[in-house]
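Worksheet: one structure, shown below.
Predicted model only: the values in this text are computed from it and were never measured. Quick note on labels: first sequence line is chain A, next is B, and so on, each numbered from 1.
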Protein chains: 2
Amino acid sequence: MTDMIFASQNGRNIPKEDPIFSISNRAKDMLQKEGKEKVINATIGALLDDDGNLIVLSSVDEVFKNLNPSEYAQYAPIGGTPEFKKAVQKDIFRNYVPSVFTEAVATPGGTGAIRNAVSNYSEYGDKILTTDWHWTPYNNIAEEQGRSIEAFELFDKEGNFNLESFSAKTKKLLSKQQRLVIILNTPSHNPTGYALTDDEWKKVIEILNDASTDKKITLLVDAAYADFAGDEEESRSFLPLLENCGDNVMPIIAHSLSKAYTLYGLRCGAMICMAKSREAAEEFKRVCEFSSRGSWSNCARAPQVILTKIYDDPKLLQKVTEERKEFHDMLIRRGIAFKEEAKKAGLKTLPYRSGFFMTIPCDNPKEVCMRLEKEGIFLIPMAKGIRISGASISEAACRRLPAAIKKAMEQK
Amino acid sequence: MTDMIFASQNGRNIPKEDPIFSISNRAKDMLQKEGKEKVINATIGALLDDDGNLIVLSSVDEVFKNLNPSEYAQYAPIGGTPEFKKAVQKDIFRNYVPSVFTEAVATPGGTGAIRNAVSNYSEYGDKILTTDWHWTPYNNIAEEQGRSIEAFELFDKEGNFNLESFSAKTKKLLSKQQRLVIILNTPSHNPTGYALTDDEWKKVIEILNDASTDKKITLLVDAAYADFAGDEEESRSFLPLLENCGDNVMPIIAHSLSKAYTLYGLRCGAMICMAKSREAAEEFKRVCEFSSRGSWSNCARAPQVILTKIYDDPKLLQKVTEERKEFHDMLIRRGIAFKEEAKKAGLKTLPYRSGFFMTIPCDNPKEVCMRLEKEGIFLIPMAKGIRISGASISEAACRRLPAAIKKAMEQK
């Protein structure tokens, strides 16, 4: 079915209008008309201060301000500068030194990393497996390349990672296709704020090793929010576990400078493989750089230089880390405030551990969100619930929200 | 046939090594060992001064230096900021005011524009038509999406645009597929420096109108070098002619800030449609933004803000234009020097009118290039000739090259 005039549908489900964009516009309109104090805009996926202004790390801004022309105007190599490739591996792995074979390829944000993983480790027509609660652009990324998303249930009845559903869907898809790309967004899962525990990770890897006997599984860990999940070393404790993946399971980490360095608008991230052989790692670099060449060519140089400078200067790195911790703690306080008030109000939430977003399960999310908009509260309706960006609203607003949501849900 | 270890070939022809990258590395090595005066590196696709340093417009650098954090750190909307969308249309159309329906979508350089055009206006398995002499990444872009390139002969025997070959290939492909994307890189064609005359354009449009009776043709004009093709208004004289395209032919302009604003490393361009109906233009915006969302998400904000500031300030615009003209004239002088010396040396060149590159037809380009490397001259071998970047070498080097190439070609 297509309703196209000149373009080709190519099997994609292209919405008439971006729903988040429309909601965001209505929030802006109301803010202009009624004033800031009347509006809570919890739709934005960027860290804002309590007054609704974008937070930019001043330590990072200082580096930006001192870039010389050749550091931003010159093309970077397709896969990133050699210095960036080193720095970004330090940034993702920190104190852990992998004994597997790693290669890094620069990408425009986490999106580019996911795009390239799908392109190179799945086939046309394949299904990509991810959680039922997921960042909706995964669908765009899959459909844009003639793939589609299949979901397993993220939570079991106790609110833990649903290993049974994960295992069943993995086996089902591998019975139908030669290879499988699985996307797990953890820690600080968007939209629920969930993070897999190390025990859950161990079982996930067991399942993958068992399922991949004669077929290939690529495990894409979308770690875009890894630096907003508590202690930055602890939140990375799952990385060494990935070395237990068998020969037919390849982990790829999708990393982003958007949130951790507040460089959203400079479009920089990376994909890093953890391969069992040097050959597979070199192939990763080769095929992903081919994909980059054919999609966006090279990536912006400025953010690559910025990250390199930060990792070249221990004092600067410390400054960035400390500044980020301040905002990380602010985010955690907002989350705690929301959880406390949700408990008081008797509002059921999905298991939130950390990150930018929290989620309320809900049968009629669109209606509830429309009701809340009348009260000046702007949230994102999803298929089975409502997403709240704690990153974009004050602690006080986080305290106000649960009772208001509960009321709107009970309204008939 | 596939030699893959873990990745999926997906029908792509992925080279073991990027040949341009290897040549460029050899040039750098020799430069370090033997010194600048011993090396001519004519492989680089960016405008360098006579000493081999990247030229960055100082007027543009001033705008960059004064960006505030929200102007670079914040996400831009998927399709670009509203102000950028206006500015970039002024930038491509200048004094011409289209009476067709236009929409602009921001892209990471010209590459992103071509990628999105292929994605939305051709189908999986389709052939994309372009000239036999072409920028090789067109192949990556096509193959990365399960398409492939078919070529017509750019030149007829007199060195004019080969209308016959163009017409025959267009008809042939349309007899086999429902729609056709055609890429024409003009003016300042990469690699030959050719530009279609307005008369040739009129005939091209006639051919397309005739061929598209019941099928759809998308005419992608890759205009990345439009500002290095003589007078900036004159070089755009073909744009109004595109209004004569019939209902089944849609022109899309791929535009880039890389060369004209020396912002290569900030990755910004745009695709602009010239549609016959408002509906087709709105669909263009919708489908291309879907593609962006699923490939790289949004584009870098900084270059969008920079272009907006330039078009908001007539004095600044004048300063940028005058500064660019200086370097444009330098480039023209290099081209003239090369042509004069080629004539003297009896070296046959392909018809060069303007731009970054010139080309020598040659039966054994790889061997000739290897011979020249021994003399410290680094050029790019292509399928049927040798590409010389006049953008990256001095006028003096342009004078030296033709005799040296001629000698290397005659060597046995």
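- When heavy atoms are compared at a cutoff of 4.5 Å, A/Glu283 approaches chain B solely by way of its side chain, counted from C-beta outward.
- Residue contact with chain B, scored on non-hydrogen atoms closer than 4.5 Å, is absent for A/Ile114.
- For A/Pro303, no part sits under 4.5 Å from any heavy atom of chain B, backbone or side chain.
- For A/Cys299, the part sitting under 4.5 Å from any heavy atom of chain B is the backbone (N, CA, C, O) and nothing else.
- When heavy atoms are compared at a cutoff of 4.5 Å, A/Asn66 does not approach chain B at all.
- Here B/Asp61 is the residue among B/Ile78, B/Val56, B/Asp61, B/Leu54 with the most heavy-atom pairs under 4.5 Å with chain A.
- A cation-pi arrangement is absent between B/Lys276 and B/Phe101, since the terminal nitrogen or guanidinium carbon is not both under 6.0 Å from the aromatic centre and inside a 45° cone about the axis.
- Interface check for chain B: of the options A/Phe21, A/Tyr261, A/Tyr72, A/Tyr264, the most heavy-atom pairs under 4.5 Å are formed by A/Tyr72.
- The CD1 atom of B/Ile128 sits 7.0 Å away from the CG atom of B/Leu180 when rounded to the nearest 0.5 Å.
- Counting heavy-atom pairs closer than 4.5 Å to chain A, the top-ranked of the candidates B/Leu67, B/Asn298, B/Leu266 is B/Asn298.
- When each of A/Ser291, A/Pro137, A/Ala280 is checked for heavy-atom pairs under 4.5 Å with chain B, A/Ser291 comes out on top.
- With respect to chain B, the highest number of heavy-atom pairs below 4.5 Å among A/Asn68, A/Asp247, A/Ile5, A/Ile141 belongs to A/Ile5.
- The distance from the CE atom of B/Met250 to the OG1 atom of B/Thr218 is 5.5 Å, given to the nearest 0.5 Å.
- Ranked by heavy-atom pairs under 4.5 Å with chain B, the list A/Asn120, A/Asn248, A/Val287 is led by A/Asn120.
- Interface residue A/Val249: only backbone heavy atoms are found under 4.5 Å from chain B.
- Checking each of A/Pro108, A/Cys268, A/Ser297 against B/Arg267 for a side-chain contact (heavy atoms from CB on, under 4.5 Å) leaves exactly one that passes, namely A/Ser297.
- Note: B/Phe290 leads B/Phe284, B/Phe290, B/Trp296 in heavy-atom pairs under 4.5 Å with chain A.
- Atoms CG and CD, on B/Leu57 and B/Glu323 in that order, are 4.5 Å from each other to the nearest 0.5 Å.
- When the candidates B/Ala7, B/Gly112, B/Ala300 are compared by the number of heavy-atom contacts under 4.5 Å with chain A, B/Ala7 comes out ahead.
- Remark: B/Lys85 engages B/Glu289 in a salt bridge, criterion side-chain N to carboxylate O under 4.0 Å.
- There is no contact between A/Asn53 and chain B, counting heavy-atom distances below 4.5 Å.
- Interface residue A/Leu263: backbone and side-chain heavy atoms are both found under 4.5 Å from chain B.
- Contact count versus chain A (heavy atoms, under 4.5 Å) is highest, among B/Lys65, B/Arg286, B/Gln74, for B/Arg286.
- Between the CG atom in B/Leu208 and the CD1 atom in B/Ile217 there is a gap of 5.0 Å [rounded to 0.5 Å].
- Note: B/Lys16 leads B/Lys16, B/Glu17, B/Glu71 in heavy-atom pairs under 4.5 Å with chain A.
- Salt-bridge formation is detected for the pair A/Glu144/B/Arg115: a Lys NZ or Arg NE/NH1/NH2 atom is positioned less than 4.0 Å from an Asp or Glu carboxylate oxygen.
- With a 4.5 Å cut-off on non-hydrogen atoms, A/Arg179 touches chain B through its side chain but not through its backbone.
- For chain B, no part of A/Ile20 is nearby; none of its heavy atoms comes within less than 4.5 Å.
- We find the CG-CG distance between B/Asn139 and B/Asn13 to be 8.5 Å, quoted to the nearest 0.5 Å.
- Heavy atoms of A/Ser122 lying under 4.5 Å from chain B belong exclusively to its backbone.
- Your options are A/Glu143, A/Gln178, A/Glu282, A/Met4, and the one with the most heavy-atom pairs under 4.5 Å with chain B is A/Met4.
- Side-chain contact of B/Asn10 with A/Ser119: a donor-acceptor pair under 3.5 Å is absent, judged by distance alone.
- Classification of the A/His134-A/Tyr138 ring pair by plane angle, with boundaries at 30° and 60°, yields parallel.
- Within 6.0 Å of atom CD in B/Gln177, more than 12 heavy atoms from other residues, nucleotides or ligands are found, so the atom counts as buried in its surroundings.
- Side-chain atoms of A/Asn116 and A/Thr107 form no donor-acceptor pair, as typed in the model, at a separation below 3.5 Å.
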